[in-house]
**Student:** 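Questions regarding the structure given below will be posed in turn.
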Amino acid sequence: MDTRGTRSYLYWLYCQFELITCSYLMEPWEKVLFYTFNAAMLLALLYTAYAFLPGHLGSAMQSLLQLSGGRQDS
Amino acid sequence: MANPSAVCNGHLHHHHHQKQNNLLKSGLCKKNGITKGMKKNGVSNGTLYKKTFVEHFEQAPMYVAVLTFVGFGVGTIFGYLRDFMRAWGLEKRNIAAEREEQKDFVPLYQDFENFYTRNLYMRIRDNWNRPICSVPGPQFDLMERVTDDYNWTFRFTGRTIKNVINMGSYNYLGFAETDVNALKTVTIELQKYGAGICSTRQEMGTLDKHVELEKLVAKFLGVEDAMVFGMGFATNSMNIPALVGKGCLILSDELNHTSLVLGARLSGATIRIFKHNNMQSLEKLLRDAIIYGQPRSRRAWRKIIILVEGIYSMEGSIVRLPELVSLKKKYKAYLYLDEAHSIGAVGATGRGVVEYFGMSPDDVDVLMGTFTKSFGAAGGYIAGKKDLVDFLRTHSHSAVYATSMCPPVAEQIIRAMKCLMGLDGTTQGLQRVRQLGKNTRYFRRRLHEMGFIIYGNDDSPVVPLLLYMPGKIGAFARRMLEKNIGVVVVGFPATPITESRARFCVSAAHTREMLDTVLNALDELGDFLHLKYSRYSKSSHPELYEESRLEPED
């Protein structure tokens, strides 16, 4: 019952995505193109987040600590 | 065109019997020299409107506009992609193209102008131009149509879809009927006169039927005389050039119909646009026109005419007639009122917006209307003072060159009008008007309760339901057809780009069951397509609804 609820909800979400981005109107090959492009963009975003975010966050924390440490000294 | 009661000497003769509070108003009249339309039963707070004028133009939440633009953006990108593929021969061209031999000449087809038509309209084109094969009554039959190549060509399967509920035809009073008893006189006239006229009004095309119809129209509207024409669009576009010319000023509402715009442009007069139904904007234009006169010579304008419609068919809004009439009297302008959708549909006895606001038809200089919408026929009329109509009989392009109305159609209008006025001995006409009012109010109330965004006045039978996103236009129309309901959806060129809508035309012939079927379907579809954007839905918070009735009307 629960899976049926979530599945139909997911289907509804998918329909909303189709309607909003006009992919409801596209021919099948256009849809393939559009979804591939979207998926590629999403993957690239996720990969960049995975690869760089810990490093960026770490160095940001370091510089923040240095700043507050330096201020305490003076 | 001066109204004698506007001359203010503190003593208005035909209002002797007014109550004390109206004499107080005439005291005001002494001060600023204008009168604001004294009404007989003394509205003590001095308002122009006898009943509340509630119009809704709710704005959707911001994310809706953003998502609409996202949709159009994706559509445009794919449009460019397809155009590129067509230009480079990767895809078959279905649009008009020149022959090889003509390639060196000036191009015939400017491709970019039709970008929107080619790339967005074509994808959802199956929702328009659907051929019907029965009378456009409350239900009708559709010919089934399929496409093999994504709407570039269609073919008919030969089957018909029967009894589709008709929410798109302008059949406000339900006179589009095939009942034999109702059409008895029309059949007799068809056998007596035939179908064609074969002449224009000024040559041999004026029949006794036209004279009878014109007298009836004048009596119906309460004016001196009227003239009828064979086509509603042509009534506007051919008669405005006869009334105004160079050196005149036309003040036209932003959202006027194409026939009014065409007539105004053909006349050669200067056209200025005021914001939709906005009397402050109009007053500013009037003052500028009178103070500054014509552009270079600074002479006074020969004529100032204001073009408005009774009900605007894309918005469902009703014109603010009382304020308009007081403005026109103050600044000595003329008023041309196009009652295409409002004649027969509003007013206690169906006489249009003039009756709806309780005003006299003498206040409007040119009353124009069509018989296409409420009377189930075709054609238009112009009514007003006898001098005006006599002038039009000689000077209108339509009278000189266009074929006049054909006799069976004239008889249909005569029988519909007699029914409305009660001259056929029954109260059927009045019942139809009342039924239309009931249906309109019920339909609008239920849609508001469900949470859709509806535009327009609460009393107008034209109900635009906002869809906003281009993807939903096609989905909405197709799914409604699957549920056996025919609707009209409108998109970009006819409406602003972010405000595409579905337009319902309520009819007196719709029964409560039909309206309930439609409303249930809309409820379901609204949930599935997520169309219920309204933040003022009535049912859950009645006190909130009362607050929102005072929301600004623009």
Side-chain angles (χ1 to χ4, degrees), chain A residues 1-68 70-71, chain B residues 63-85 90-92 94 116 118-127 147-152 467-479 491-492 500 524-533:
Chain A
M1 204 59 183
D2 182 41
T3 49
R4 202 178 156 273
T6 43
R7 213 163 352 124
S8 61
Y9 181 65
L10 284 177
Y11 175 69
W12 182 80
L13 272 184
Y14 168 68
C15 282
Q16 290 305 303
F17 173 75
E18 268 204 326
L19 285 170
I20 289 173
T21 56
C22 285
S23 51
Y24 173 79
L25 305 175
M26 292 179 194
E27 297 172 27
W29 63 270
E30 286 176 330
K31 264 194 202 168
V32 165
L33 202 65
F34 185 59
Y35 291 161
T36 321
F37 175 75
N38 275 5
M41 283 287 118
L42 204 64
L43 276 176
L45 188 74
L46 287 173
Y47 174 70
T48 346
Y50 171 72
F52 292 108
L53 211 55
H56 282 226
L57 276 178
S59 50
M61 284 302 291
Q62 251 188 346
S63 50
L64 205 67
L65 278 172
Q66 272 184 354
L67 219 66
S68 56
R71 222 187 274 148
Chain B
Y63 73 88
V64 175
V66 170
L67 291 177
T68 313
F69 279 118
V70 165
F72 272 109
V74 173
T76 316
I77 292 176
F78 274 91
Y80 280 125
L81 177 69
R82 297 292 293 271
D83 274 350
F84 173 77
M85 289 174 59
L90 295 165
E91 189 187 340
K92 188 168 82 102
N94 284 317
Y116 182 80
R118 219 174 28 243
N119 294 309
L120 277 166
Y121 173 71
M122 276 298 172
R123 295 179 193 264
I124 40 178
R125 195 166 79 115
D126 58 314
N127 297 314
T147 174
D148 301 317
D149 52 356
Y150 297 103
N151 293 342
W152 285 97
L467 298 173
Y468 295 105
M469 291 166 210
K472 294 191 184 177
I473 305 175
F476 186 82
R478 285 178 196 151
R479 281 177 197 263
F492 166 51
S500 44
E524 246 183 83
L525 210 54
D527 285 329
F528 181 70
L529 293 177
H530 193 55
L531 290 172
K532 297 185 179 173
Y533 297 118

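Each chain gets a letter, A, B and so on, in the order its sequence line appears, and its residues count up from 1.
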**Student:** For the backbone of Leu529(B) and the side chain of Trp12(A), can you confirm whether one donor and one acceptor N or O come within less than 3.5 Å of each other?
**Tutor:** no
**Student:** Which members of residues 21-48 of chain A, sorted by number, sit under 4.5 angstrom from chain B on a heavy-atom basis?
**Tutor:** Thr21(A), Cys22(A), Tyr24(A), Leu25(A), Met26(A), Glu27(A), Pro28(A), Trp29(A), Glu30(A), Leu33(A), Phe34(A)
**Student:** Using a cut-off of under 4.5 Å on heavy-atom pairs, state which of Gly474(B), Pro470(B), Gly471(B), Gly73(B) scores highest against chain A.
**Tutor:** Gly471(B)
**Student:** So which part of Leu67(B) gets closer than 4.5 Å to some heavy atom of chain A, the side chain, the backbone, both or neither?
**Tutor:** both
**Student:** Is Met85(B) close to chain A through its backbone or its side chain, or both, or neither, when contacts mean heavy atoms under 4.5 Å?
**Tutor:** side chain
**Student:** What part of Tyr468(B) lies closer than 4.5 angstrom to a heavy atom of chain A: side chain, backbone, both or neither?
**Tutor:** neither
**Student:** Is there a side-chain contact between Gln16(A) and Lys472(B) in this structure, where contact means two heavy atoms from C-beta onward sitting under 4.5 Å apart?
**Tutor:** yes
**Student:** Is it the side chain or the backbone of Asp149(B) that comes within 4.5 Å of chain A heavy atoms, both, or neither?
**Tutor:** neither
**Student:** Determine which residues belonging to residues 52-64 of chain A lie within contact range of chain B, meaning some heavy atom pair is under 4.5 Å apart, and list them by number or answer 'none'.
**Tutor:** none
